[in-house]
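For this chain, numbers begin at 1 and follow the sequence in order. Indexing begins at 1, ligand by ligand and atom by atom, following the structure's order. Nothing here was measured: the structure is a model prediction, and the numbers come from that model.
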Amino acid sequence: METVALQKGFDIYSIRNLFPILQREVKGKPLVYLDNAATSQKPSVVIDALTNYYSGYNANIHRGIHTLAEEATAAFEDTRETVRRFIGASSTEEIIFTRGTTEGINLVASSWGRANLQTGDEIIISTLEHHSNIVPWQMIAAEKGAVLKVVPVTEEGEFMYEAFEQMLSAKTKFVSLVHASNALGVINPVKKVIDAAHALGALVLIDGAQSSVHLDINVQELNCDFFAFSGHKIYGPTGVGVLYGKRAVLEAMPPYQGGGEMIREVSFSGTTYNELPYKFEAGTPNIADVIALKAALDFISGLGKSSLAEHEHSLLTYATAQLKAIPGLKIIGDIEHKVSVISFIIEGIHPQDIGILLDNQGIAVRTGHHCTQPLMHRLGIPGTSRASFAVYNTLEEIDALVKGLLKVKKMLG
Ligand code: 7TS
């Protein structure tokens with residue numbers, strides 16, 4: 001098999017050695033993990049950061065004056081500064097730790113939406129959204145009598161910008177848009193959308209669950225009002241995510257949840273709230289996973305995001321060509337401007353059967369609607385099979401996928 005040296009200085013085999021799980025076998029075959037859009041695997045530095053915290057300095061943060069509490073607080077706040085740099089925010093006050101993208105979006109829909117939306121106001125999303133960027137808006141729209149408008153997509157799943165422009169009006173109060181589609185990989189023209197929405201006074205949230213690991217993110221250049229992403233899709237742990245919000249916008253928003261940590265002073269005659277970002281972090285946070293998130297972001301920054309992107313793009317280009325050569329296989333979202341996600345269908349074979357038969361060969365892909373049922377409905381398909389690539393994937397693994405699919409076709413086609 002061809003040895004992979006996709007880029008000069010990018011030693012894929014040393015990188016693979018940093019991920020313990022890649023050593024394991026599935027059904028007696030070496031694991032080929034191509035479900036990275038669902039969650040990425042974790043390098044040892046992230047796993048070690050978790051165990052180091054629990055075995056070395058486990059303590060609750062912010063309140064204690066003892067050594068362990070100080071160490072844990074310092075590590076926790078260190079992640080906040082690392083996140084700030086990672087996404088180019090101007091202040092750590094704008095970085096709120098959440099459970100993930102889903103919670104970030106719910107926080108904004110609930111807190112901002114409840115305080116600002118009125119009957120007849122319009123919220124714009126797109127057909128490409130993950131359910132987590134649809135349902136919170138449906139809920140707040142129903143509560144406030146607001147109207148949810150949906151930007152259509154082309155047959156290939158591309159955001160129809162002109163339709164968006166026509167939808168925009170003085171009634172538009174909020175636009176919430178996915179940066180890169182988890183189902184198809186297509187990248188949306190977020191900068192143009194943000195500028196156009198701002199021209200009419202609407203705020204914009206960008207769902208960065210998929211883009212944050214593949215694209216360079218600078219929230220100040222994008223000028224988005226909110227940006228949400230998840231730790232577990234970016235080589236970090238599950239159960240932790242980030243919501244960026246512009247300071248002035250966050251300051252004007254009411255708290256999302258009440259409890260410890262988010263208060264300044266509590267009395268039975270009234271409570272005053274803590275300053276940013278703590279106003280939005282009620283209760284003991286996910287200390288261990290926040291601390292380990294720093295290790296993940298440092299891992300990415302250490303390799304260089306552009307090296308990652310180049311590697312993943314090589315995989316995407318190679319895989320696209322190889323998959324297209326399979327008779328009866330159709331790539332959905334076959335466009336230039338996308339992240340390393342390939343969704344496909346094979347004539348006459350159910351995606352679920354593809355997933356099961358690939359798993360028998362040690363190959364993990366995702367099948368189904370990918371939590372984007374309205375998009376699948378628009379494209380007239382029940383679902384797809386999806387291969388999504390990360391820094392540790394190789395050309396050999398794509399060859400294994402192609403071989404696996406040919407076997408599936410032979411069995412069922
Ligand atoms: N937005 C997008 C674009 C996503 O891809 C996902 C998760 C979410 C939001 C929600 O993120 P969470 O971390 O809060 O769950 N996407 C997927 C996926 O494609 N397969 O499994 C989860």
(message) I need the contact type for His232 against ligand 1. Using non-hydrogen atoms and a strict under-4.0 Å cut-off, is it side chain, backbone, both or neither?
(response)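 Just the side chain.
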
(message) If we set the cut-off at 4.0 Å for heavy atoms, which region of Val178 has an atom near ligand 1: side chain, backbone, both, or neither?
(response)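 Val178 to ligand 1: side-chain contact only, backbone stays beyond 4.0 Å.
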
Tell me which one of [options] gets a heavy atom nearest to [atom].
atom: atom 20 (N) of ligand 1; options: Arg386, Glu129, Gln210; answer: Arg386
atom: atom 16 (N) of ligand 1; options: His131, His179, Glu103, Lys233; answer: Lys233
atom: atom 9 (C) of ligand 1; options: Ala183, Gly100, Ser132; answer: Ser132

(request) For Ile342 and Thr320, work out which heavy atoms get closest and say how close. (result)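 For Ile342 and Thr320, the tightest heavy-atom pair comes out as CD1-OG1, 3.5 Å.
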
(message) Testing the basics here: between Ser343 and Thr384, what is the closest heavy-atom pair and its distance to 0.1 Å?
(response)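 Minimum heavy-atom separation between Ser343 and Thr384: OG-OG1, 2.7 Å.
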
Can you tell me how the ring of [X] sits relative to the ring of [Y], calling it parallel under 30°, perpendicular over 60° and tilted otherwise?
X: Tyr278; Y: His62; answer: perpendicular
X: Phe229; Y: Phe86; answer: tilted
X: Tyr53; Y: Tyr57; answer: perpendicular

(message) Checking a contact table here: which protein heavy atom is nearest atom 1 (N) of ligand 1, and how many Å away?
(response)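 Nearest neighbour among protein heavy atoms for atom 1 (N) of ligand 1, to 0.1 Å: Asp207 OD2, 2.6 Å.
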
(message) Please list the nearest protein heavy atom to atom 6 (C) of ligand 1 with its residue and the distance rounded to 0.1 Å.
(response)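 Atom 6 (C) of ligand 1 sits closest to the protein heavy atom His130 CD2, 3.3 Å.
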
(request) Could you give me the CA-CA distance, side-chain angles and deciding distance for Arg63 and Thr284, then say whether side-chain contact (heavy atoms from CB on, under 4.5 Å) is met? (result) CA-CA 10 Å; Arg63 298 169 263 236; Thr284 299; 3.4 Å; yes

(message) Would you say Ser307 and Glu310 are linked by a side-chain donor-acceptor pair, where the criterion is simply a distance under 3.5 Å?
(response)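 No.
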
Find all atoms of ligand 1 within a distance of less than 4.0 Å from any non-hydrogen atom belonging to [X], and give their numbers and elements.
X: Ser230; value: 11 (O), 12 (P), 13 (O), 14 (O)
X: Thr102; value: 10 (C), 11 (O), 12 (P), 14 (O), 15 (O)
X: Thr101; value: 9 (C), 11 (O), 14 (O)
X: Asn182; value: 5 (O), 16 (N), 18 (C), 19 (O)

(request) Evaluate the criterion side-chain contact (heavy atoms from CB on, under 4.5 Å) for residue pair Ile140 and Ile123; output intermediate values, then yes/no. (result) CA-CA 10 Å; Ile140 196 68; Ile123 303 159; 4.3 Å; yes

